[in-house]
**Student:** 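Sharing a structure with you now.
Computation of the quantities below employed the complete heavy-atom set of this structure, encompassing side-chain atoms and omitting hydrogens, waters and symmetry-equivalent molecules.
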Amino acid sequence: MSRVLIVGAGLTGSLCACLLRRELPNKANIVVWDKSRGAGGRMSTSRSPNDPSCTVDLGAQYISATPYYARIHSSFYKELLAQDILKPLVAPVEGMMLKEEGIVNYVTPHGVSSIVKHYLKESGAEVLYDRHVTHIHRKDAGWEVCHKGGAPERFDIVVLTMPVPQILQLQGDVESLMGENQRRMLEAVSYSSRYALGLFYKADTRIDILWAAKYISSNPCIRFIAIDDKKRNLASKNCVPAVVVHSSVPFGIQHLEEEKDAVQPIILEELEKVMPELPQPDSIKCQKWRYSQVTRSVADCPGQMTLHSQPLLVCGGDGFTHSNFDGCIESALKPPLAPTLNDTLAEARGSGQRPNRW
């Protein structure tokens, strides 16, 4: 079996692993590494340290499907809806701006990371966390991949799905394999930055707010607030409340290099100005999103970039498309990523027969 390493357990990485498994069942040993302690990437769901039933989405808040993407990606939406991973957003969101007619918004009752976990489960991949990749070396007909605090491992194919600046930080043979034009294109990619706070409450806490989520335009620090259980249509007597607060991008950039412990009190002080009636939480988690959303993607939005064809080293993700659910799907599906993976695996198997494209 060929060994395929997918670096990044976010949406693009998990979907890439799932599609590869469905196309080539029992033909590839798929391994997923992520430097974090859990799956999701920027589609992460965090639990209260005092009550695991109390969760909050610190990254993506809901999924917006335009008519175009709802049509061309209908199979993905139908699958997630059929398994109750997605549900229509029915709770009120104040200040939401609809960019075009016909957009349908969805929420995730079990947290936005449930989408990523679904695809990882479907992939049957070996998923390993706390694997921070540092070096990639060309070794014979494959790749030797090094990570912090562990022995290097060999793979036939490597797919990189982390944010573009982290791809550029990789050492080993990546820099020499990357063409000058490719490097310029990757260096031109930019991201917004922001902070997120997760406020966890005790089970008997009442948060008497009419809206489920709200965009804030009158505060320099805070841009978005959601009562997460209400946003996910879970509000009931048995539901443990949680609140998520997103900072504005200018605030995130201004405080980007500061420690989270120093920034958290500033956000809480501003939150009290916006929502003085909010109860004191039982616990708080502060998340710094250095790479929040892509503000400038790789030129012409190619979906992926092949750094080396034989053996295959390819990178993809929202940095090559756009920062939302459909952008990650586009990257996972975009030729030549899918056909190249199929062709490479077919050649490695020596079958002489080209598998169907994803």
**Student:** Taking CD in E180 as the centre, count heavy atoms belonging to other residues, nucleotides or ligands within less than 6.0 Å. Is the count above 12?
**Tutor:**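 No, CD of E180 has 12 or fewer neighbouring heavy atoms, counting only those of other groups under 6.0 Å.
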**Student:** Answer whether the closest heavy-atom distance between the side chains of R138 and P311 falls below 4.5 Å.
**Tutor:** yes
**Student:** Backbone N or O of R3 within a donor-acceptor pair of the D156 side chain at under 3.5 Å?
**Tutor:**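 Such a contact is found between D156 side chain and R3 backbone.
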**Student:** If the threshold is 4.0 Å, N to carboxylate O, is there a salt bridge linking K202 and D204?
**Tutor:**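 Between D204 and K202 there is no salt bridge, as every charged N stays at least 4.0 Å from the carboxylate O atoms.
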**Student:** List the atom of T321, the atom of G303, and the distance in Å for their closest heavy-atom pair.
**Tutor:**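 Heavy atoms of T321 and G303 come nearest at CG2-CA, 3.7 Å.
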**Student:** Classify the side-chain pair S190/T295 by whether it contains a donor and acceptor separated by less than 3.5 Å.
**Tutor:**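 There is such a pair between these side chains.
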**Student:** Can a donor-acceptor pair be found, under 3.5 Å and without considering hydrogens, that links the side chain of R154 to the backbone of K139?
**Tutor:** yes
**Student:** Could you tell me the separation between the NE2 atom of H118 and the NE2 atom of H110, rounded to the nearest 0.5 Å?
**Tutor:** 12.5 Å
**Student:** What pairs with E101 under side-chain contact (heavy atoms from CB on, under 4.5 Å), at least two apart in sequence or on another chain?
**Tutor:** none
**Student:** Under 4.0 Å between a side-chain nitrogen and a carboxylate oxygen: does that hold for E122 and R21?
**Tutor:** no
**Student:** Roughly how far apart are S2 OG and L312 CG, rounded to 0.5 Å?
**Tutor:**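 If we round to the nearest 0.5 Å, S2:OG and L312:CG are 11.0 Å apart.
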**Student:** Between H73 and Y77, is the ring centre distance below 6.0 Å?
**Tutor:** no
**Student:** Is L11 close to Y119 at the side-chain level, that is, under 4.5 Å between some pair of heavy atoms?
**Tutor:** yes
**Student:** Could you state the interatomic distance from CG (L80) to NZ (K78), rounded to the nearest 0.5 Å?
**Tutor:**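 L80 CG to K78 NZ: 13.0 Å, rounded to 0.5 Å.
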**Student:** Under a 3.5 Å threshold, yes or no: a donor from one side chain and an acceptor from the other, between E153 and H147?
**Tutor:**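 Side chains of E153 and H147: no pair found under 3.5 Å.
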**Student:** Within the supplied structure, the quantity of interest is the number of heavy atoms (other residues, nucleotides, ligands) at a distance under 6.0 Å from R47 CZ; does it exceed 12?
**Tutor:** no
**Student:** Indicate, with yes or no, if the rings of F76 and Y69 have centres closer together than 6.0 Å.
**Tutor:** no
**Student:** Taking atom CD as the centre, does E79 end up with more than 12 heavy-atom neighbours from other residues, nucleotides or ligands that are less than 6.0 angstrom away?
**Tutor:**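 Atom CD in E79 is crowded, with more than 12 foreign heavy atoms closer than 6.0 Å.
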**Student:** Contact between S323 and Y291 at the side-chain level, heavy atoms closer than 4.5 Å - yes or no?
**Tutor:** no
**Student:** Got a second to check how far D228's CG is from T108's OG1, nearest 0.5 Å?
**Tutor:** 8.0 Å
**Student:** Do K35 and M162 come within less than 4.5 Å of each other through their side chains, counting heavy atoms only?
**Tutor:** no
**Student:** Please say which of V133, D130, T134 ends up in a side-chain contact (heavy atoms from CB on, under 4.5 Å) with K148.
**Tutor:** T134
**Student:** Using modelled atom types only, decide if a donor and an acceptor are shared between the side chain of S331 and the backbone of C328 within a distance under 3.5 Å.
**Tutor:**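 Answer holds: no.
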**Student:** Tell me if a side-chain donor or acceptor on D300 pairs with a main-chain N or O of P302 at a distance below 3.5 Å.
**Tutor:** no
**Student:** Got a sec: does the CG of D261 have more than 12 other heavy atoms crowding it under 6.0 Å?
**Tutor:**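 Not buried by this count: 12 neighbours or fewer within 6.0 Å.
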**Student:** Pick out which of Y195, F224, Y215 makes a side-chain contact (heavy atoms from CB on, under 4.5 Å) with H246.
**Tutor:** F224
**Student:** Within the 4.5 Å heavy-atom criterion, are D229 and I207 side-chain neighbours or not?
**Tutor:**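 With C-beta onward as the side chain, the pair stays apart.
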**Student:** Determine whether C221 and I267 make a side-chain contact, defined as any pair of heavy atoms from C-beta on separated by less than 4.5 Å.
**Tutor:** yes
**Student:** In Å and rounded to the nearest 0.5 Å, what is the CG to CD distance from L271 to Q264?
**Tutor:**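 Here the rounded value is 11.0 Å.
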**Student:** A side-chain contact here means heavy atoms from C-beta on lying under 4.5 Å apart; do Q171 and C146 qualify?
**Tutor:**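 No, their side chains stay 4.5 Å or more apart.
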**Student:** Please check: side-chain N/O of S193 versus main-chain N/O of G252, any donor-acceptor pairing under 3.5 Å?
**Tutor:** no
**Student:** Rounded to the nearest 0.5 Å, what's the gap from CD1 on I6 to CG on L15? Could you check?
**Tutor:**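 It comes to 9.5 Å.
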**Student:** Filter on salt bridge (Lys or Arg N to Asp or Glu O under 4.0 Å), then keep only pairs touching residues 271-288, sequence neighbours left out; what's left?
**Tutor:**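 Listed by first then second residue: E270-K273.
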**Student:** Using side-chain contact (heavy atoms from CB on, under 4.5 Å) as the criterion, point out the one residue from L177, L170, L5, L307 that pairs with I136.
**Tutor:** L170
**Student:** Are L89 and Y106 side-chain neighbours, meaning at least one heavy-atom pair lies under 4.5 Å?
**Tutor:**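 They are not in contact (no side-chain heavy atoms under 4.5 Å apart), so the answer is no.
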